[in-house]
Structures are given as C-alpha cells and as structure tokens.
Amino acid sequence: RIKKRFIIFGMRTYERDHISAQAWGTISSLIVLLLAFPRTYSIAPVIKTDANEKDTGSEAFACFGQIAIPIIWSLGIGDPLLGELKKLVRSDKMKAYQMYLIADCVLT
C-alpha cells in the first residue's frame, strides 16, 4: 500500500506515505495486552493447580483486564474523538475550550 501510494477508505491523506493510524493502533493494543498479561506466555503460567487439584491464580487475570481494557477503549474512542474535535477547532467551527470540555465529559 505504501509502495503504490494508495489510500483505503477511512485513511487520511498523509497516510499515503506513512504507516496508517490503524496499524499503529493495532500494534499499541497488542503491546498493551502483552504487558497486561505478562506471565501468560513468558515466565510461568498464572493458573496453577494446588495439592487438592483446584485451580488457583485465575483471579489475577481480572486485575490485568481492569488495566488493559480502559487503555484500549481510550485508544478506540478518545483518539478519534480528539482528532475530529481538533479538525473542528482548526477550521474555526469550534473554540478550543469547547473541545476540552467535550473531551473531558466524554473521557471521564
């Protein structure tokens, strides 16, 4: 795509020569998931079986999910919202303080 310099639906014009924002978002989401569940594939499994053959340690996944999911949601909702609001501010259809108020209401 970059070599032939064409744009797919939903891409911005500057992405004709650069890696697309969707590719960067996908890479960053994967990094967040890998860091949120660090022991799943690297050091040792989190879920272990004790002497009574009962699985233990799975509650750790809920904690990591509580960290990773809001980060990915803010990437999927916050980044496009701020991009569109910034476009409105630059075209003088909205004031900067209005952009900050909208973003604050939506993202908090």
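Remember, it's a predicted structure, so these values are computed and weren't measured experimentally.
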Can you tell me how far [atom2] of [Y] sits from [atom1] of [X], rounded to the nearest 0.5 angstrom?
{"X": "Leu88", "Y": "Gln98", "atom1": "CG", "atom2": "CD", "answer": "10.0 Å"}
{"X": "Ile31", "Y": "Thr26", "atom1": "CD1", "atom2": "OG1", "answer": "11.0 Å"}
{"X": "Ile102", "Y": "Tyr97", "atom1": "CD1", "atom2": "OH", "answer": "10.0 Å"}
{"X": "Met94", "Y": "Tyr100", "atom1": "CE", "atom2": "OH", "answer": "12.5 Å"}

Distance-minimising heavy-atom pair for [X] and [Y]:
{"X": "Leu85", "Y": "Ala103", "value": "CD1-N, 4.3 Å"}
{"X": "Gly25", "Y": "Leu75", "value": "O-CD2, 3.5 Å"}
{"X": "Ile77", "Y": "Pro80", "value": "O-CD, 3.5 Å"}
{"X": "Val89", "Y": "Lys95", "value": "CG2-O, 3.9 Å"}

Checklist entry - Arg5 side chain to Arg16 main-chain N or O, any donor-acceptor pair under 3.5 Å? => result no

Item to check | Under 3.5 Å donor-acceptor, Glu84 side chain and Leu81 backbone | outcome: no

